[in-house]
Amino acid sequence: MNVKISLPDGSVREYPQGVKGIEIASSISEGLARVALAIEVDGEIRDLARPIDNDASIKILTWNDKGGKSTFWHSSAHLMAEALEALYPGVKFGAGPAIENGFYYDVDLGGRAFGEDDLAALEAKMKEFAKKDSTFDRSSVSKAEALKYFTEKGDEYKIELINDLQDGTITFYKQGNFTDLCRGPHIPNTGFLKAIKLLNVAGAYWRNNQNNKMLTRIYGITFPKAKELEEYLHLLEEAKKRDHRKLGKELELFAFSERVGMGLPLWLPKGTLLRERLEQFLRRAQVKAGYDPVVTPHIGSKQLYVTSGHYEKYGKDSFQPIRTPDEGEEFLLKPMNCPHHCEIYRTKPRSYRDLPVRLAEFGTVYRYEMSGELHGLTRVRGFTQDDAHIFCRPDQVKEEFVKVIDLVLHVFNSLGFENFTAQVSLRDPENKAKYIGDDELWDRAEREIQEAADERGLKTVAVQGEAAFYGPKLDFMVKDAIGRSWQLGTIQVDYQLPNRFELEYVGSDNQKHRPVMIHRAPFGSLERFVAVLIEHCAGKFPLWLSPDQIAVLPISERFNDYAKIVYDKLKEQDIRGLLDDRDEKIGRKIRDAETKKIPYMLIVGEKEVAENKVAIRRQGQGDQGSVLLEEFVNSFKLECAAPV
RNA sequence: GCUGUUGUAGCUCAGUGGUAGAGCACUUCCUUGGUAAGGAAGAGGUCGAGAGUUCAAUCCUCUUCAACAGCUCCA
């Protein structure tokens with residue numbers, strides 16, 4: 001009996017029934033067999049050693065395949081577990097999956113301390129075991145056998161996992177002296193794991209539940225070649241240099257002060273310049289798009305948030321109300337701008353002809369975030385949203401939504417964010433109690449969002465459980481330097497708040513109708529957006545945003561007067577920058593300006609004074625030659641225009 | 001909030017049970033230099049905060065605050 005095996009190139013080969021993946025690989029080429037890690041059989045990744053009994057289309061997976069990498073890392077987690085068991089007898093194991101970059105294993109060390117220092121010893125043990133070329137052997141076990149094994153071993157975590165599994169589907173994998181409950185698949189043997197690096201240790205709740213015991217999570221990464229590991233570690237170092245917290249300090253953009261309070265950023269003059277340029281850019285775009293700017297206070301009566309539903313949902317986990325001394329009135333720091341905007345909508349009767357009403361505000365809001373959540377400018381307790389609320393008729397929802405998508409895309413394109421993910425954030429169908437409003441409106445809102453995204457050809461990823469409590473969202477996710485994903489732009493359809501605030505408009509039928517709200521913020525928050533922007537451009541901002549656009553550098557003090565004239569002329573033209581008239585050599589001044597990532601350096605000495613010129617040096621690009629000052633101003637002006 | 005790590009000069013970091021050090025930055029002087037660090041001198045710290053052990057604590061213990069990594073959370 002033969003089976004027909006289709007290969008990725010479309011060819012079909014016949015093999016005896018029960019042929020193993022590794023045998024197929026060998027039959028294709030010895031080279032492939034040497035680097036083969038796993039095999040994809042009809043879309044399912046399997047061990048190379050598993051027999052194939054039926055016709056199938058297959059793909060041999062190597063390090064270059066995503067599935068190959070994840071198999072490699074998953075096997076690495078098993079290797080680490082083997083080493084852990086050798087070093088820490090009686091250790092209990094939680095889960096140990098492959099992740100985007102590497103793997104981890106959650107373990108219960110029984111109260112033994114495990115710090116960064118212990119990583120080195122564990123890593124050494126792993127390397128020792130890896131060299132044994134132990135094979136990963138798969139075996140099917142009955143539920144009873146599985147339970148017996150782990151009961152004898154005393155690993156309650158695995159027992160819990162097994163209890164959730166169906167009898168007949170349970171498999172063990174064994175390499176060396178280590179046996180683990182595992183669905184697989186695995187690479188052929190531990191010898192493939194040549195370059196091993198354990199990265200860090202952290203706590204993680206068992207089954208991701210805050211109420212469960214906290215286990216020790218050990219992160220690591222492995223590669224088939226030492227050189228690849230080196231490159232990866234180098235990449236990590238480079239990424240650290242782009243960290244907005246580091247650059248924010250170095251470039252004097254923002255700071256934090258313990259005395260002011262954690263998570264409360266202080267915007268320094270240069271950072272403020274940057275931020276204001278961004279605001280101005282969006283303000284102009286929004287005027288064009290028919291938004292009306294409004295301003296509302298930083299606090300609001302508690303009653304406002306009781307009405308909106310925010311108090312019930314977040315009241316306990318918010319900054320607590322501020323009380324007036326005499327009357328005992330309660331006010332909340334505003335965590336959202338929408339309730340205020342609803343009240344603006346209510347200031348006068350609205351006709352269907354007035355809609356959509358688009359109210360925009362750079363509104364600063366304050367949210368209590370748990371201390372462990374705070375992170376540079378990406379997660380703070382006080383931040384400014386580029387918020388707006390669109391009040392429209394139900395028949396306008398999709399059109400308005402699409403317009404907002406266009407605005408968000410315009411913002412992203414203008415700032416060079418190309419690698420974003422459009423995430424449709426839906427509610428958690430398992431836990432509808434977390435949300436307000438009835439199913440029909442939710443379904444409708446979710447449908448409208450998807451349709452609007454499709455209309456603009458956005459490739460979307462739907463994620464359940466990520467919706468706001470009042471409605472689904474379309475979130476624009478961007479990764480930071482270290483690969484962490486952050487939500488920037490967001491667009492949300494909301495049928496609930498108009499109900500709660502009893503918003504109305506008079507329709508063409510002279511009857512009262514309820515408008516629909518769209519919440520939207522293209523940047524999301526200025527703080528987070530600036531953080532991600534810093535990391536994207538590594539602190540080298542586009543000219544129109546750069547806090548310092550030019551540095552005028554006289555060759556020596558003899559030319560300070562001319563340099564001052566040049567500097568003043570540039571200032572007259574609203575060109576931002578500095579004059580470095582320190583008593584330093586030109587090399588030094590250049591180095592300092594380069595370090596500060598100032599886009600243009602204008603060097604002036606004897607020749608420039610004589611000809612009324614400036615010598616141009618571009619940051620990171622070196623000497624660009626000399627031009628007349630007027631010429632420079634003209635070309636600069638063209639280049640520094642903000643996108644529209 | 002939880003687990004772990006860290007906290008020494010403006011920044012980056014050494015260091016020790018006997019009240020502190022480097023480099024850069026800063027100030028002054030010398031130098032007037034043509035595309036990424038010229039030279040010298042000087043100033044600068046309650047060693048995160050509080051309590052305890054000790055003859056003596058920056059160092060050991062406890063508490064607390066903050067930062068970092070991850071988890072959980074995120075209107």
Side-chain angles (χ1 to χ4, degrees), chain A residues 99 104 106 113-118 199-219 240 243 245-246 249-250 252 255-259 261-263 305 308-315 317-318 334-339 365-376 378-381 385 387 435-436 466-471 473 482 484 486-487 490 492 494 497 519 528 553-560 583-595 601-608 615-626:
Chain A
I99 53 177
Y104 67 76
D106 285 345
F114 188 90
E116 310 274 339
D117 296 342
D118 302 300
L199 297 164
N200 50 4
V201 188
Y205 300 106
W206 167 236
R207 304 206 120 180
N208 289 341
N209 186 330
Q210 214 173 149
N211 302 316
N212 287 343
K213 185 168 179 181
M214 184 162 271
L215 306 178
T216 305
R217 177 170 294 181
I218 305 171
Y219 286 87
K240 273 188 199 156
D243 192 311
R245 292 164 299 182
K246 183 177 158 67
K249 197 182 276 183
E250 284 171 7
E252 298 179 11
F256 290 91
S257 151
E258 279 189 31
R259 212 184 299 226
M262 59 166 116
Y305 301 102
S308 70
H310 289 101
Y311 188 80
E312 193 193 342
K313 178 80 181 165
Y314 293 103
D317 304 313
S318 294
K334 80 172 165 187
M336 293 283 289
N337 302 299
C338 32
V365 297
Y366 300 89
R367 297 179 184 173
Y368 171 76
E369 303 283 1
M370 289 191 294
S371 58
E373 299 313 323
L374 301 174
H375 183 91
T378 49
R379 195 79 184 271
V380 286
R381 285 179 168 174
Q385 295 178 311
D387 210 358
Y435 309 91
I436 57 173
E466 289 293 311
F469 74 100
Y470 50 75
K473 310 188 283 175
I482 324 171
R484 287 183 280 216
W486 297 97
Q487 175 208 304
T490 178
Q492 313 170 4
D494 180 3
L497 277 192
H519 307 239
R528 184 176 287 177
L553 313 178
I555 296 274
S556 86
E557 278 178 7
R558 284 169 41 220
F559 313 108
N560 279 358
D583 179 9
E584 287 292 349
K585 292 171 80 165
I586 193 64
R588 178 48 178 277
K589 294 181 185 181
I590 287 170
R591 182 186 149 78
D592 288 348
E594 287 276 350
T595 313
M601 283 151 267
L602 302 181
I603 294 151
V604 294
E606 196 155 6
K607 279 182 282 186
E608 289 72 24
I616 300 170
R617 183 188 167 100
R618 198 78 222 245
Q619 204 269 351
Q621 293 170 34
D623 194 354
Q624 310 283 301
S626 301

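Labels below follow one simple rule: chain letters A, B, ... track the order of the sequence lines, proteins then strands, and each chain is numbered from 1.
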Name the nucleic acid region contacted by [X], choosing base, sugar-phosphate or nothing; use a 4.0 angstrom heavy-atom cut-off, strictly under.
X: A:E373; result: base
X: A:R484; result: sugar-phosphate
X: A:S318; result: base
X: A:M370; result: base
X: A:Q487; result: nothing
X: A:D623; result: base
X: A:E584; result: base
X: A:I590; result: base

Between A:E369 and A:R379, does at least one N-O distance fall below 4.0 Å, as a salt bridge requires?
yes
For [X] and [N], what is the distance between atoms [atom1] and [atom2] respectively, to the nearest whole Å?
X: A:Q210; N: B:rC73; atom1: CD; atom2: P; answer: 7 Å
X: A:D106; N: B:rU72; atom1: CG; atom2: C1'; answer: 13 Å
X: A:M601; N: B:rG34; atom1: CE; atom2: P; answer: 18 Å
X: A:Y104; N: B:rU3; atom1: OH; atom2: C1'; answer: 15 Å
X: A:D592; N: B:rA37; atom1: CG; atom2: C1'; answer: 8 Å
X: A:K246; N: B:rU12; atom1: NZ; atom2: P; answer: 8 Å
X: A:H375; N: B:rG70; atom1: NE2; atom2: P; answer: 8 Å
X: A:M214; N: B:rU5; atom1: CE; atom2: P; answer: 13 Å

Within less than 4.0 Å of OP1 or OP2 of B:rG10, is there a side-chain N or O belonging to A:K249?
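For A:K249, the contact criterion (side-chain N or O under 4.0 Å from OP1 or OP2 of B:rG10) is not met.
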Is it the case that [N] (base atoms only) and [X] (side chain only) share a donor and an acceptor within less than 3.5 Å, ignoring hydrogens and angles?
X: A:Y205; N: B:rG1; answer: yes
X: A:R617; N: B:rU35; answer: yes
X: A:E594; N: B:rA36; answer: yes
X: A:R245; N: B:rC68; answer: no
X: A:E608; N: B:rG34; answer: yes
X: A:R379; N: B:rC73; answer: yes

Are A:Y305 and A:Y314 an aromatic pair by the rule of ring centers under 6.0 Å?
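Between A:Y305 and A:Y314, the centre distance exceeds or equals 6.0 Å.
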Who pairs with [N] - Watson-Crick or G-U, where each distance is under 3.5 Å:
N: B:rC60; value: B:rG52
N: B:rG44; value: none
N: B:rU16; value: none
N: B:rA67; value: B:rU5

Which of these nucleotides, B:rU72, B:rG33, B:rC73, is closest to any side-chain atom of A:E369?
B:rC73
For the side chain of A:A615, counting heavy atoms from C-beta on, which of B:rC71, B:rG33, B:rU35 is nearest?
B:rU35
With rounding to the closest Å, how many angstrom separate the P atoms on B:rC55 and B:rU8?
30 Å
Take atom CD of A:E250 as the centre, draw a 6.0 Å sphere, and report whether it contains more than 12 heavy atoms from other residues, nucleotides or ligands.
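Yes, the 6.0 Å shell around CD holds more than 12 heavy atoms from other groups.
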If only side-chain N and O atoms count, and only distance matters, is there a donor-acceptor pair under 3.5 Å linking A:Q492 with A:Y470?
yes
Are A:E373 and A:S371 close enough that a side-chain donor and a side-chain acceptor fall under 3.5 Å?
no
